[in-house]
Amino acid sequence: MRLRWLKALLWALCLYPLALLAWRTWHGQLGPNPVETLEHATGLRALQLLLATLAMTPLRSLSGRPEPLQLRRTLGLFAYFYMCLHFAAYLVFDLSLSLPKLGEDLVKRTYITLGFGCWLFLLPLAVTSTDGWQRRLKRRWKTLHRLIYPAALLASLHFVWLVKKDETEPLSYLAVLLALLALRLPWRRWLRGILSPQTTQT
Ligand code: HEM
């Protein structure tokens with residue numbers, strides 16, 4: 001029951017930015033450069049949700065509660081949903097759906113290559129996110145879903161690469177990602193190894 005409410009709250013929180021964006025679009029309130037506003041809003045939300053997804057495992061370890069892991073898939077799928085909106089805005093408004101132009105950008109603009117790499121890495125994860133695929137793939141499912149780490153790195157680098165002047169914001173996102181990844185390292189085992197007298201005896 002509690003989980004159902006938490007999931008409903010998460011859906012509301014994840015859909016709220018989209019509703020706001022739709023409302024602003026409808027009322028012509030996207031500013032002087034509406035396409036840029038759409039791309040920035042969706043790209044930023046995708047990155048935030050991706051980092052939030054990665055924060056769930058450390059949160060589970062720190063809190064000892066099961067809810068973070070139970071909400072992780074919903075967060076990850078919303079991250080991918082916003083990435084698809086972001087990619088679609090670029091394809092439709094910047095490229096007028098031209099695949100040759102996409103190919104050109106992928107070759108010429110490093111930040112596009114990095115962003116596309118992230119989107120591509122996460123595609124099989126989104127497809128295989130169901131319980132059925134998890135059962136079918138067994139242990140390979142976990143291995144496949146480790147692609148989220150390089151994908152998140154590509155997403156952060158995409159942001160760092162595209163910003164020309166003040167890089168504080170993209171570098172902050174990269175720092176959060178690196179901190180989240182560092183939390184996953186087996187620090188406790190290493191510390192025990194260092195402090196344990198057995199290791200010093202040999
Ligand atoms: C699918 C391939 C992708 C393409 C073609 C793409 C394209 C773009 C473009 C054209 C911009 C605006 C650049 C500018 O203002 O000069 C942008 C910004 C951005 N993108 Fe992407 N992107 C992609 C994937 C991603 C992914 C996967 C993420 C995150 C998970 C992401 C996050 C961002 C962020 C955070 C910004 C900057 C937002 C801001 O300045 O506030 N993008 N992207």
Side-chain angles (χ1 to χ4, degrees), residues 10 13-18 20-22 24-25 29-58 71-129 144-181 184:
L10 186 64
L13 284 174
C14 289
L15 285 174
Y16 173 71
L18 183 66
L20 196 65
L21 211 54
R24 285 175 66 194
T25 309
Q29 289 180 0
L30 289 179
N33 193 337
V35 174
E36 205 177 278
T37 308
L38 281 178
E39 284 175 356
H40 285 203
T42 48
L44 216 51
R45 198 62 64 194
L47 185 57
Q48 287 161 354
L49 287 170
L50 188 60
L51 294 182
T53 310
L54 281 171
M56 290 302 115
T57 305
L71 299 174
R72 191 174 52 180
R73 177 167 32 185
T74 309
L75 267 175
L77 285 173
F78 266 114
Y80 201 66
F81 171 64
Y82 276 98
M83 273 176 227
C84 290
L85 290 180
H86 179 68
F87 190 25
Y90 160 80
L91 281 179
V92 173
F93 301 117
D94 282 345
L95 304 187
S96 313
L97 290 174
S98 157
L99 288 182
K101 274 194 204 160
L102 173 65
E104 228 172 84
D105 267 4
L106 281 171
V107 174
K108 283 191 190 153
R109 299 161 96 180
T110 310
Y111 80 89
I112 298 288
T113 320
L114 292 166
F116 187 73
C118 169
W119 182 81
L120 213 56
F121 271 32
L122 292 178
L123 179 65
L125 274 67
V127 172
T128 60
S129 64
L144 177 70
H145 280 247
R146 289 208 180 105
L147 278 177
I148 192 169
Y149 307 121
L153 198 62
L154 290 176
S156 304
L157 291 177
H158 164 72
F159 194 9
V160 171
W161 223 280
L162 69 90
V163 171
K164 300 285 178 310
K165 287 179 196 154
D166 184 4
E167 291 182 333
T168 316
E169 196 186 0
L171 287 177
S172 313
Y173 280 95
L174 181 62
V176 170
L177 171 67
L178 294 178
L180 286 173
L181 295 181
R184 284 161 184 269

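Note that the coordinates shown come from a computational prediction; the quantities given were computed from them, not determined experimentally. Just so you know, ligand 1 is whichever comes first in the structure, and atom 1 is the first atom listed for that ligand.
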- Task: Could you check if a side-chain atom of S156 sits within less than 4.5 angstrom of a side-chain atom of L47, using non-hydrogen atoms only?
- Result: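 Answer yes - side chains close enough.
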Rounded to the nearest 0.5 Å, what's the gap from [atom1] on [X] to [atom2] on [Y]? Could you check?
{"X": "R72", "Y": "T57", "atom1": "CZ", "atom2": "OG1", "result": "4.0 Å"}
{"X": "D105", "Y": "T110", "atom1": "CG", "atom2": "OG1", "result": "11.0 Å"}
{"X": "L99", "Y": "E104", "atom1": "CG", "atom2": "CD", "result": "12.5 Å"}
{"X": "L49", "Y": "F78", "atom1": "CG", "atom2": "CZ", "result": "8.5 Å"}
{"X": "I148", "Y": "L153", "atom1": "CD1", "atom2": "CG", "result": "12.5 Å"}
{"X": "L10", "Y": "L15", "atom1": "CG", "atom2": "CG", "result": "9.0 Å"}

For [atom], closest protein heavy-atom neighbour:
{"atom": "atom 26 (C) of ligand 1", "result": "M83 CG, 4.1 Å"}
{"atom": "atom 18 (C) of ligand 1", "result": "L162 CD2, 3.3 Å"}
{"atom": "atom 14 (C) of ligand 1", "result": "H40 NE2, 3.8 Å"}
{"atom": "atom 37 (C) of ligand 1", "result": "F159 CE1, 3.4 Å"}
{"atom": "atom 31 (C) of ligand 1", "result": "H158 CD2, 3.3 Å"}
{"atom": "atom 11 (C) of ligand 1", "result": "E39 OE1, 4.0 Å"}
{"atom": "atom 29 (C) of ligand 1", "result": "A155 CB, 3.7 Å"}

Enumerated ligand 1 atoms positioned under 4.0 Å from heavy atoms of [X]:
{"X": "W119", "answer": "1 (C)"}
{"X": "Y90", "answer": "5 (C), 10 (C)"}
{"X": "C118", "answer": "27 (C)"}

- Query: Knowing that exactly one of Y111, Y90, Y173, F87 qualifies, which makes a ring pair (Phe, Tyr, Trp, His ring centres under 6.0 Å) with H158?
  - Reply: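 The residue from Y111, Y90, Y173, F87 that satisfies ring pair (Phe, Tyr, Trp, His ring centres under 6.0 Å) with H158 turns out to be Y111.
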- Given A41, C84, G43, which one has a non-hydrogen atom that is nearest to atom 32 (C) of ligand 1?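 Considering heavy atoms of A41, C84, G43, the nearest to atom 32 (C) of ligand 1 sits in G43.
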- Query: Should one rank Y111, F121, W161, Y173 by closest heavy-atom distance to atom 13 (C) of ligand 1, which comes out on top?
  - Reply: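 Among Y111, F121, W161, Y173, the closest heavy atom to atom 13 (C) of ligand 1 belongs to Y111.
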- Message: Between K165 (side chain only) and V163 (backbone N and O only), is there a donor and an acceptor less than 3.5 Å apart?
- Response: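 The answer is no, because no donor-acceptor pair under 3.5 Å joins these two groups.
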- What N/O/S atom of H86 gets nearest to atom 21 (Fe) of ligand 1?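 When I compare the N, O and S atoms of H86, NE2 is nearest to atom 21 (Fe) of ligand 1.
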